[in-house]
Amino acid sequence: MAAAILHGVGATTPLSSVKYNNSRRSLPGSGITERKRASFVIQCYGSLSSGLNIGINRAVKLSTNAVATKQDSVTASTPSKPGHELLLFEALREGLEEEMERDPWVCVMGEDVGHYGGSYKVTKGLADKYGDLRVLDTPIAENSFTGMGIGAAMTGLRPIVEGMNMGFLLLAFNQISNNCGMLHYTSGGQFKIPIVIRGPGGVGRQLGAEHSQRLESYFQSIPGIQMVACSTPYNAKGLMKAAIRSDNPVILFEHVLLYNLKERIPDEEYVLSLEESEMVRTGDHVTILTYSRMRYHVMQAAKTLVNKGYDPEVIDIRSLKPFDLHTIGNSVKKTHRVVIVEECMRTGGIGASLTASINEHFHDYLDAPIVCLSSQDVPTPYAGTLEDWTVVQPAQIVAAVEQLCR
Amino acid sequence: MALYLSKSGKLLPHFKQKICSLGMISLSSIASCFSQNPPLSPEHGKTPYAAPSLFASRRFGSVKAENLASINNTADSQALNFPGGMVKFTPELKFISDLPEERINCYRVLDESGHLLTSDFVEIDKDIAVKMYKEMVMLQTVDTIFYEAQRQGRISFYVTAAGEEAINIASAAALSMDDFVFPQVKSIRPVQYREAGVLLWRGFGLQDLANQCFGNVGDNCKGRQMPAHYGSKKHNYFTVASTVATQIPHAVGAAYSLKMEGRDACTITYFGDGGTSTGDFHAAMNFAAVLEAPVILFCRNNGWAISTPVSDQFRSDGIVVRGQAYGIRSIRVDGNDALAVFSAVHMARKMAISESRPVLIEALTYRAGHHSTSDDSSKYRPIEEIEWWRAVQDPVARFRKWLEIQGWWSCESDTELRDRARQEVLDAIQVAEKMEKPDLGEIFRDVYDFPPSNLSDQEKSLRQTVQRHQRDYTHFQL
């Protein structure tokens, strides 16, 4: 299943619109809903073109791509050069290297990032090129090297702190919450902290409970920081560059299982916005909000759903703090149904916050309660079967959408 | 970390390769050094021990191999090149003592009556010396009056540096304006919270101090931090955070950036005896040593961490002995002796910058006041003890005596100075008290560089609420 997801990325498989229309199931036959539906169709195009500033051409054609396609808010939709293929960790490295080349104040610190090149090879070769002071190997003390990064940032450097696994950053919570998030504020704006804290998180392949954590849940409340999650080589590079250039502290969440994703990315330079979400697939029936690895489970489910006649709209929220309520809102106004698919635990996760936020802002546009599919409130077990059951699978997503759209 | 190596097929071969190649170099030379076991010939092929110096060799390449080869020649050496370096063997089953026989001696220049005890100190000229004294008196005055102000309910909280004026001012005087200070709170340099004197030395005005304590519109922290949590980018004084010892790794990070720039400056960070128990202290010391960062780690060992005496805080001979444990040069000084502190910091700064190394200074002193305005230290320590230290070991009095002996100061000047200082501080407080508090918008500014939509919404919502219920928010400014 994983293999299928990985290979699916980058390929575009447009589905015929004829099939799509005929097999579309009708929604519950209440007059109100139908009326809404009718007016909705007219609204549909309007909201798409005004709300989405991404790939307008695609929106009007009602793209029915079931799998991820490149969305670019900055450059034109057809790149002038052919682009180059690379894996996600290479895309991260490329973004990092470009920024280090561009700005001599950018530096990297973390465990085994220098000579070893990083546990996931994101910093491979950088120490050889820029020296082992600029790409610094640190002893094992997450709180302290994060603190070091904060001190360096306050004096003008732009450090990127790598957590070997996001779970280890729990040790750095004190520095991240009390200092990173606060010092710009408490100093009256005198000291800024342009730090990037990044690393792999999420549930991997039988890595055990301690190495399968979703730290975005714990960090989301900290005021003063921004959080983004990458999911494709394209957005990984773009978000890395944006995070480094941002003057705010940014936490970039990568996923352990996504490092070997391959995609063709543009040759020319691009930087993505830290606050925007990504429209993966436009649709009419339901808005599916997701991020990071779950995007692929959702797209897998979307294939099945399309075959069954549904038209899901899939948005990779990318920006975990703050949420891109503009794009999300426009989608909710269009489809009136929301499914959130995440890897966080049910209690206090990103999904929980997103549910609250959507309810607060778009309550009037919802036809049904928001469905949030998350992992259970348990530590991730080791055994393969048990682990699989704690992660939301495509079948669950399909079932949830069917239930919601009945 | 082992988990990753076993899971990722790609990583393992890379690692294995390293071990094999290094193993080949070291085996043959080490086998002949190891004379206590039956000799192993290089042709034996067996590896009785893991590859040594994996990490050292990686950086120094073939140089290490040559060193190992030369050791080969000393056939009867009772030593082994373990990872980390050569270690001699001993046949004695002997443990290193937990404490040294004698406590590490404390460097002192002036005795209690202001007489010089040595000529081994850094000379200060009259202007600097007089300025130092004036600032020490100012610090004492500021502390006394602000403390009283808190007791009167005019400010909510304050921390004094009573008994530690020499540490504050003398160390500040020994540094340059380019050096970064990471305070705790009692000093005015990257400090924790007893270093307001450092900031005074650097030219932070009395009015600025008062404004910060009152959190009014003149406060450069814009009313966002507790009193005595100063910060001033202009003076290279990093904003104090209440969290203990978090500033120590910050200082190492800042030293790292200075090292990258090659600047003629260092960082200094202050912390108390209690702060040395934290994980951040340990890791920052370790980092500073490994990184060879130009940082001065200044410990104010004043005997008390709120109510915890040092005997409950650690069992080592103070903090100075820990320096060597991390591979850091260290010194113990009399914290109530301004000349000793000045000399030590002056030398430490030179070492830190020219040799790019960290230096640890432990200043032994006594916390003559309470931990803060929320504390009453007579509850856990005898009043006689506090009185003795305050009277006999007062750093300000001691320095004054030395100045008088030099002929650089007099009794009359003292009275005049103290009266003037008192008046200036009172005036500053009065002005600060009358100034307005920052407006509502300051709650939402500077959380990020530009406010995101959710914060803008929250600000709008708050303003509406205040507008709607004006009676309940009469003291609020919009």
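Throughout, a chain's letter reflects where its sequence line sits, starting with A, and its residues are numbered from 1.
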Shortest non-hydrogen contact between [X] and [Y], atoms and distance:
| X | Y | value |
| --- | --- | --- |
| Cys221(B) | Thr186(A) | CB-O, 3.2 Å |
| Phe238(B) | Met154(A) | CE2-CB, 3.5 Å |
| Ser232(B) | Phe191(A) | C-CZ, 3.9 Å |
| Gln226(A) | Tyr448(B) | CG-CE2, 3.8 Å |
| Pro249(B) | Gln175(A) | CG-NE2, 3.9 Å |
| His184(A) | Asp446(B) | CD2-O, 2.7 Å |

Which answer fits [X], side chain, backbone, both or neither, if we ask what part of it has an atom under 4.5 Å from a heavy atom of chain B?
| X | value |
| --- | --- |
| Phe145(A) | both |
| Met182(A) | neither |
| Leu133(A) | both |
| Asn174(A) | side chain |
| Asn179(A) | side chain |
| Ile225(A) | backbone |

| query | Which of residues 252-261 of chain B have a heavy atom under 4.5 Å from any heavy atom of chain A? | reply |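 The list, in residue order, reads Val252(B), Gly253(B), Ala254(B), Tyr256(B), Ser257(B), Lys259(B), Met260(B), Glu261(B).
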### Contact check, side chains of Thr138(A) and Val290(B), non-hydrogen atoms, under 4.5 Å
no
At what distance, to the nearest 0.5 angstrom, does [atom1] of [X] lie from [atom2] of [Y]?
| X | Y | atom1 | atom2 | result |
| --- | --- | --- | --- | --- |
| Lys233(B) | Lys192(A) | NZ | NZ | 7.0 Å |
| Phe180(B) | Thr155(A) | CZ | OG1 | 5.5 Å |
| His250(B) | Ser144(A) | NE2 | OG | 9.5 Å |

_Suppose we screen for side-chain hydrogen bond (donor to acceptor under 3.5 Å, both in side chains). Which residues come up paired with Thr380(A), at least two apart in sequence or across chains?_
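Counting only residues at least two positions away or on another chain, Thr380(A) forms a side-chain hydrogen bond (donor to acceptor under 3.5 Å, both in side chains) with Arg214(A).
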For Lys129(A), does the NZ atom have more than 12 heavy-atom neighbours from other residues, nucleotides or ligands under 6.0 Å away?
-> yes
Please classify the contact of Asp449(B) with chain A as side chain, backbone, both or neither, using a heavy-atom distance under 4.5 Å.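 Both the backbone and the side chain of Asp449(B) come within 4.5 Å of chain A.
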Cut-off 4.5 Å, heavy atoms of chain A, and the answer for Asn286(B) is side chain
With respect to chain A, which residue among Ile248(B), Asp280(B), Asn454(B) yields the maximal number of heavy-atom pairs within a distance under 4.5 Å?
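Greatest number of close heavy-atom pairs with chain A: Asp280(B).
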Given the rule in the side-chain contact (heavy atoms from CB on, under 4.5 Å) test, do Tyr185(A) and Ile443(B) qualify, once you have shown the distances and angles that lead to the verdict?
CA-CA 9 Å; Tyr185(A) 185 76; Ile443(B) 298 176; 4.1 Å; yes
Just so I understand: if I count every heavy-atom pair under 4.5 Å between each of [options] and chain B, which residue has the most?
| options | result |
| --- | --- |
| Pro322(A), Ser187(A), Ala141(A) | Ser187(A) |
| Gly156(A), Pro159(A), Cys107(A), Pro223(A) | Cys107(A) |
| Gly131(A), Gly189(A), Pro139(A), Gly181(A) | Pro139(A) |

